[in-house]
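The block underneath contains the structure these notes are about, expressed in structure tokens.
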Amino acid sequence: MQDQFPHSMELCAHKTKTESLEKEIETLKASQNSKILELGKQISHLAEIARENADFLLQDKARRGGFIKTMHTTATLIGYAAIIFVLLVTVNFMTGLDFFIKFATSLIVK
């Protein structure tokens with residue numbers, strides 16, 4: 001019977017090959033989709049890590065900025081206090097010097 005219809009055998013073989021190749025293509029597509037999904041998950045994970053690191057860096061920078069601002073304010077206040085102290089000492093010295101000059105001139109003038 002095969003001798004009578006050899007072309008039907010060839011058609012069945014080609015059809016089987018085509019079906020096999022189509023299944024293989026679908027399997028490859030599925031594996032590629034799963035690889036793409038896996039890469040997407042990895043990218044999402046890396047983005048989350050980067051976001052957490054950025055948040056940490058911003059918080060650290062804010063803390064440091066606050067510390068530096070506090071140190072600057074403290075140094076400014078200490079500087080102003082030192083200037084005020086020097087001015088008060090100078091005023092007292094000048095007052096004492098003025099008193100001494102008046103006393104000395106009162107002794108000389110008499």
Side-chain angles (χ1 to χ4, degrees):
M1 194 148 175
Q2 291 177 354
D3 295 334
Q4 293 176 353
F5 304 107
H7 62 281
S8 66
M9 287 294 289
E10 286 179 17
L11 284 177
C12 287
H14 289 306
K15 188 175 182 181
T16 305
K17 264 188 182 177
T18 304
E19 288 174 355
S20 172
L21 289 174
E22 285 175 349
K23 285 180 184 178
E24 216 174 302
I25 289 172
E26 286 180 21
T27 305
L28 287 174
K29 281 183 182 179
S31 69
Q32 285 179 346
N33 285 341
S34 67
K35 287 179 183 178
I36 290 172
L37 289 175
E38 185 64 30
L39 285 174
K41 287 179 184 177
Q42 289 177 354
I43 290 171
S44 296
H45 180 68
L46 290 175
E48 183 65 30
I49 290 172
R51 190 176 309 114
E52 288 173 1
N53 287 341
D55 287 343
F56 176 75
L57 289 175
L58 287 174
Q59 289 173 357
D60 187 47
K61 189 173 183 178
R63 269 189 249 119
R64 286 185 183 177
F67 176 73
I68 290 171
K69 189 173 183 179
T70 303
M71 290 301 293
H72 175 59
T73 303
T74 304
T76 303
L77 291 174
I78 289 172
Y80 285 144
I83 291 170
I84 290 170
F85 178 75
V86 168
L87 288 174
L88 287 174
V89 169
T90 305
V91 166
N92 286 335
F93 176 74
M94 293 303 287
T95 305
L97 186 62
D98 184 44
F99 176 74
F100 178 73
I101 291 172
K102 284 181 184 178
F103 178 72
T105 55
S106 71
L107 288 177
I108 295 175
V109 174
K110 288 187 183 182

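Residue numbers count from 1 along this sequence. This is a predicted model, so every value here is computed, not measured.
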### Qualifying salt bridge (Lys or Arg N to Asp or Glu O under 4.0 Å) pairs with a residue from residues 80-109, counting only residues at least two apart or across chains
D98-K102
Please report, to 0.1 Å, the donor-acceptor pairs under 3.5 Å made by any side chain of residues 44-52, with sequence neighbours excluded.
unit_1	atom_1	unit_2	atom_2	d
S44	OG	G40	O	3.0
E48	OE1	R51	NH1	2.5

### Task
Could you identify which residues cluster with F93, counting Ile, Leu, Val, Met, Phe, Trp and Tyr as linked when any side-chain heavy atoms lie under 4.5 Å apart, either directly or through a chain of such contacts?
M94, L97, I101
#### Entry: Q42: partners by side chain to side chain donor-acceptor pair (under 3.5 Å), with sequence neighbours left out
none
Identify every side-chain donor-acceptor pair in residues 68-91 under 3.5 Å, counting partners at least two apart or on other chains, and give the distances.
unit_1	atom_1	unit_2	atom_2	d
T70	OG1	G66	O	2.8
T73	OG1	K69	O	2.9
T74	OG1	T70	O	2.8
T76	OG1	H72	O	2.8
T90	OG1	V86	O	2.7

### Summary
Applied to residues 76-88, the salt bridge (Lys or Arg N to Asp or Glu O under 4.0 Å) test, sequence neighbours excluded, yields none
### Pairs flagged by salt bridge (Lys or Arg N to Asp or Glu O under 4.0 Å) wherever residues 70-88 is involved - sequence neighbours left out
none
### Query
With R63, which residues qualify under side chain to side chain donor-acceptor pair (under 3.5 Å), at least two apart?
none
### Query
Can you name the salt bridge (Lys or Arg N to Asp or Glu O under 4.0 Å) partners of E38, sequence neighbours left out?
none
